[in-house]
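Here is the structure we will look at.
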Amino acid sequence: MNKKKEKRRFIAVCLAPAIILFTVFMIIPTLNVFWMSTLKWGGLSANKEFVGLNNFKILFEDMNFIQALQNTIFLIVVVTIVTMVFSILFASILVREKVKGQNFFRIIFYIPNILSVVVIASIFTAIYDPSTNGLLNSIESLFRPETWETTKYLGDPNIMLYAISGAMIWQAIGYYMVMYMASMSSIPEHLYEAASLEGAGKIKQFFSITLPLIWSNIRTTLTFFIISCINLSFLFVKVFGSGPGGVSETVLSYMYKQAYSNASYGYGMAIGVIIFLFSFVLSALVSKATEREPLEF
Amino acid sequence: MKNKKSMSAERLYKIFIYVALITLAISIIVPVVWVFMASVKHNSEFYGSPWTIPASIQFSNFVNAFEKANMGQYFINSVIATGLGLIILLVVALPASYVLARFEFRGRKFMNTAMMAGLFINVNYIVVPIFLMLLGWDDFIYNLFGDGFFLDNIFVLALVYAATAIPFTVYLLSGYFRTLPKAYEEAALIDGCGYFKTMFKVMIPMAKPSIVTVILFNFLAFWNEYIIALTLMPGTSKTLPVGLMNLMQAARGKAEYGMMYAGLVIVMLPTLILYIMVQKKLTQGMTLGGLKD
């Protein structure tokens, strides 16, 4: 009897701090996002007024928000496709081919993942610098000294989103590559030997062995990547600035701007709810669309 | 004849592979090395080609960054926030993970599900409600004692860091505890060790590999964190990434580029050193956790 009591006390003492912290700083704020989205709340004044779904109604007529949503979708699509293709490709090269310096490449490719987004964005500010001091512009001017005209990577509305994608891809490739390398190197060698005895070339092997066998891993990472894309694009826009007239605003940066800089907390949180639902639905759709019969080896 | 042809195709393929690998490697190495070079350049060297080697090594850039731009103070803040955050996280998450992995009790399943759901909670959405909550607490305390406490407090920042890292950490640690053989703790309990002693003396030391992984990932996450620190520390006391952002804006206006890049180096050097020391563990640990936010 005493033993049982002791055990129960042990369980309670171990769990309590985690439950308290988790509840106070994660559960309650999350619920607050939803609750606040139904308020008209002008910020620091205590004036809170329940307006139901009115914030959402305003939201869908807010052209800035629509633009931000479009930008976000653009970034998700471009960054996801490029990152996935390249990281799978590089992973399969590093695992399957006898490349000299395999370790060296793995170490180097992972570096961007350990740097702060602020650091990466600062580096890319130097890379994209519109003057001749900019790393990219100075290279461009070498190739065509007469006709060279500065490219405003972070100022030209037509280019800016691509420039942001570039930084995001640069940051993400290594991480996903290392992830895929781990799952690829667990594929047994004899499958490839058998395939090559039957005359299957490298490309065939890639599509009929490597890709199907790491598919479940790709699916999981894809779901998480979409969510992290929304986050990352936010941080980059926060650091780069949202360009002339906010052309490269993304949904989260727009939310932050409304809630924090503009102090329209209710409206900002309504944006938050929409992004949450959006990322949830998108992840579910992607997960459904990529569903395949699971393969085992 | 045919053989020769496939030989050259093979070669072409190999060349293509190396070109691709080296291109990507260069695109990563060059900007990073360039920042290191720029951090020791004299301010006058920033007009003109960005590719010149620094004429002399200006360590004064670093001195300026540390003193004039306050990076020294921010550095200490970052060390405190990161270190304290890690300590709180481990103290809170280790026992919880152990219990969730090993004990049968009512509500266990619910707890596990809640933690899994917590993996999907995105810090970027909830940072504003957290800020408002702390602001409300501050108002309350202000009325009582005439001074705020929760905002602009490095300890509270560390606490929030730890709290937001709980789901991922518990997920990773309890997964590891589940793989440990039960025989050890049974033996310890039979020997008369209490639950607490069994946990601290037997189980936690055995979980060391996963603890190292947790520390590594969360060190990087806390050290590099930007948005929570920006929001919860609106005053003059900042962490390194937020301070770096300020420095970038200020230095660009005054054209003190050397100091700016020195600040950049100060922020990324600790993570680079750590990475070089433990890169094997880090990339192996990744497969342990499997995912990251």
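Quick note: numbers below take in every heavy atom, side chains included, and nothing from hydrogens, waters or symmetry partners. Below, chain A is the first sequence line, B the second, and so on; all start at residue 1.
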Query raised in the report: In terms of heavy-atom pairs under 4.5 Å with chain A, which of B:Ile88, B:Ile28, B:Ile126 leads?
Result: B:Ile28
Report task. Check whether more than 12 heavy atoms from other residues, nucleotides or ligands sit under 6.0 Å from atom CZ of B:Phe140, and answer yes or no. Result -> no
Requested in this report: Determine the minimum heavy-atom distance between A:Glu6 and B:Gly194, stating which atoms define it.
Outcome: OE2-CA, 4.4 Å
Query raised in the report: Side chain, backbone, both or neither: which part of A:Ile20 has a non-hydrogen atom closer than 4.5 Å to chain B?
Result: neither
Report task. Examine whether an atom of A:Ser279 lies under 4.5 Å from a heavy atom of chain B, and if so say whether it belongs to the side chain, the backbone or both; otherwise answer neither. Result -> side chain
Requested in this report: May I ask you to name which of A:Val119, A:Ile27, A:Ile19 has the most heavy-atom pairs under 4.5 Å with chain B?
Outcome: A:Val119
Query raised in the report: Is a donor on one side and an acceptor on the other found under 3.5 Å between the side chain of A:Trp170 and the backbone of B:Ser27?
Result: yes
Query raised in the report: B:Leu21 versus chain A, heavy atoms under 4.5 Å apart: side chain, backbone, both or neither?
Result: both
Query - Contact summary for A:Val24 and B:Met133, nearest pair of heavy atoms - result: O-CE, 3.4 Å
Report task. Count the heavy-atom pairs under 4.5 Å between each of A:Ile139, A:Val99, A:Val117 and chain B, then report the option with the highest count. Result -> A:Val99
Query raised in the report: How far apart are the closest heavy atoms of A:Leu115 and B:Met268, and which atoms are they?
Result: CD2-CB, 3.8 Å
Report summary line: With A:Phe25 as partner, the option from B:Thr164, B:Ile121, B:Leu159 fulfilling side chain to side chain contact (heavy atoms under 4.5 Å, CB included) is B:Leu159
Requested in this report: Select, from B:Leu264, B:Val242, B:Val160, the one with the greatest count of heavy-atom pairs under 4.5 Å involving chain A.
Outcome: B:Leu264
Query raised in the report: Given that the side chain runs from C-beta out, which part of B:Ile22 has a heavy atom under 4.5 Å from chain A: side chain, backbone, both or neither?
Result: both
Report task. Identify which part of A:Phe225 has an atom lying under 4.5 Å from any heavy atom of chain B, answering side chain, backbone, both or neither. Result -> neither
Query raised in the report: Looking at B:Ile227, B:Leu94, B:Leu244, which has the largest count of heavy-atom pairs under 4.5 Å with chain A?
Result: B:Ile227
Report task. Could you tell me which portion of A:Ile107 (side chain, backbone, both or neither) has an atom closer than 4.5 angstrom to a non-hydrogen atom of chain B? Result -> both
Report task. Let me see the working for B:Arg106 and A:Arg8 under side-chain contact (heavy atoms from CB on, under 4.5 Å), right down to the final yes or no. Result -> CA-CA 10 Å; B:Arg106 229 181 335 143; A:Arg8 215 182 298 150; over 6 Å; no
Query - Pairwise side-chain contact, A:Met36 with B:Leu132, heavy-atom cut-off 4.5 Å (strictly under) - result: yes
Query raised in the report: Using non-hydrogen atoms only, which part of B:Ala25 is less than 4.5 Å away from chain A: side chain, backbone, both, or neither?
Result: both
Query raised in the report: Based on non-hydrogen pairs under 4.5 Å, which of B:Ile29, B:Val32, B:Thr231 is most in contact with chain A?
Result: B:Thr231
**Report entry** Side-chain touch A:Phe276/B:Phe120, heavy atoms, less than 4.5 angstrom
**Finding:** no
Query - Per-residue contact mode, A:Ile271 against chain B (heavy atom under 4.5 angstrom) - result: neither
Report summary line: Looking only at heavy atoms, the pair that brings A:Ala18 and B:Ile166 closest together is O-CD1, 4.0 Å
**Report entry** Most contacts with chain A, counted as non-hydrogen pairs under 4.5 angstrom, among B:Val92, B:Leu240, B:Asn124, B:Leu220
**Finding:** B:Asn124
Query raised in the report: Is the A:Phe10 ring parallel, tilted or perpendicular to the B:Tyr195 ring (thresholds 30°, 60°)?
Result: parallel
Query - Residue pair B:Asn122 / A:Ile230, side-chain heavy-atom distance below 4.5 Å - result: no
**Report entry** Interchain contact, B:Leu89 with chain A, by part (heavy-atom threshold 4.5 Å)
**Finding:** neither
Query - Electrostatic pair B:Glu104-A:Lys7, nearest N-O below 4.0 angstrom - result: no
Query raised in the report: For B:Phe105, does the CZ atom sit with more than 12 other heavy atoms under 6.0 Å from it, leaving out its own atoms?
Result: yes
Query raised in the report: For A:Phe34, does the CZ atom have more than 12 heavy-atom neighbours from other residues, nucleotides or ligands under 6.0 Å away?
Result: yes
Query raised in the report: Please walk me through it: do A:Ile111 and B:Leu272 pass side-chain contact (heavy atoms from CB on, under 4.5 Å)?
Result: CA-CA 8 Å; A:Ile111 286 179; B:Leu272 278 176; 4.1 Å; yes
Report task. Tell me, with the steps shown, if B:Ile130 and A:Asn32 meet side-chain contact (heavy atoms from CB on, under 4.5 Å). Result -> CA-CA 9 Å; B:Ile130 292 177; A:Asn32 266 341; over 6 Å; no
Query raised in the report: So which part of A:Met26 gets closer than 4.5 Å to some heavy atom of chain B, the side chain, the backbone, both or neither?
Result: both
Query raised in the report: Is any side-chain heavy atom of B:Val91 less than 4.5 Å from a side-chain heavy atom of A:Pro17?
Result: no
Report summary line: Cut-off 4.5 Å, heavy atoms of chain A, and the answer for B:Ala20 is both
Query raised in the report: Which one, A:Ile11, A:Ile123, A:Thr30, leads in non-hydrogen pairs under 4.5 Å with chain B?
Result: A:Ile11
Requested in this report: Using non-hydrogen atoms and a 4.5 Å limit, figure out which bit of B:Ala117 sits close to chain A: side chain, backbone, both or neither.
Outcome: neither
Query raised in the report: For A:Ile93, is it the side chain, the backbone, both, or neither that has a heavy atom closer than 4.5 Å to a heavy atom of chain B?
Result: side chain
Query raised in the report: Is it the backbone or the side chain of A:Leu89 that comes under 4.5 Å from a heavy atom of chain B, or both, or neither?
Result: neither
Report summary line: In terms of heavy-atom contacts, B:Trp51 and A:Ser138 come closest through NE1-OG, 2.8 Å
Query raised in the report: Does A:Val118 reach the side chain of B:Val267, with side-chain heavy atoms less than 4.5 Å apart?
Result: no
Query raised in the report: Which heavy atom of B:Trp34 sits nearest a heavy atom of A:Ala126, and at what distance?
Result: CZ3-CB, 3.6 Å
Report task. Side-chain contact test, heavy atoms from C-beta onward, threshold under 4.5 Å: evaluate it for A:Val13 versus B:Pro95 and give yes or no. Result -> no
**Report entry** Side-chain heavy-atom pair B:Leu230, A:Lys238 within 4.5 angstrom cut-off
**Finding:** yes
Requested in this report: Kindly state whether the ring of B:Tyr18 and the ring of A:Phe105 have centres lying under 6.0 angstrom apart.
Outcome: no
Report task. For the pair B:Asn224 (side chain) and A:Ile114 (backbone), establish whether a donor and an acceptor sit closer than 3.5 Å, ignoring hydrogens and angles. Result -> yes
Query - Under 4.5 Å from a heavy atom of chain B, the part of A:Met269 involved - result: side chain
Query - Portion of B:Met260 that has a non-hydrogen atom of chain A nearer than 4.5 angstrom - result: neither
Query raised in the report: Can you tell if the side chain of A:Leu235 reaches within under 4.5 Å of the side chain of B:Tyr226, non-hydrogen atoms only?
Result: yes
Query raised in the report: After noting the C-alpha distance and the side-chain angles of A:Ser116 and B:Glu225, does the key distance pass the side-chain contact (heavy atoms from CB on, under 4.5 Å) rule?
Result: CA-CA 7 Å; A:Ser116 170; B:Glu225 207 287 324; over 6 Å; no
Report task. Could you tell me the separation between the CD1 atom of A:Ile108 and the CG atom of B:Leu24, rounded to the nearest 0.5 Å? Result -> 10.0 Å
Query raised in the report: Within a radius of less than 6.0 Å around CG of A:Leu277, do more than 12 heavy atoms belonging to other residues, nucleotides or ligands occur?
Result: yes
Report task. Mark yes or no for whether A:Tyr256, through its side chain, and B:Tyr125, through its backbone, hold a donor-acceptor pair below 3.5 Å. Result -> no
**Report entry** Engaged part of B:Phe103 at the chain A interface, taking heavy atoms whose separation is under 4.5 Å
**Finding:** side chain
Query raised in the report: With only heavy atoms counted, which part of B:Tyr98 is less than 4.5 Å from chain A, the side chain, the backbone, both or neither?
Result: side chain
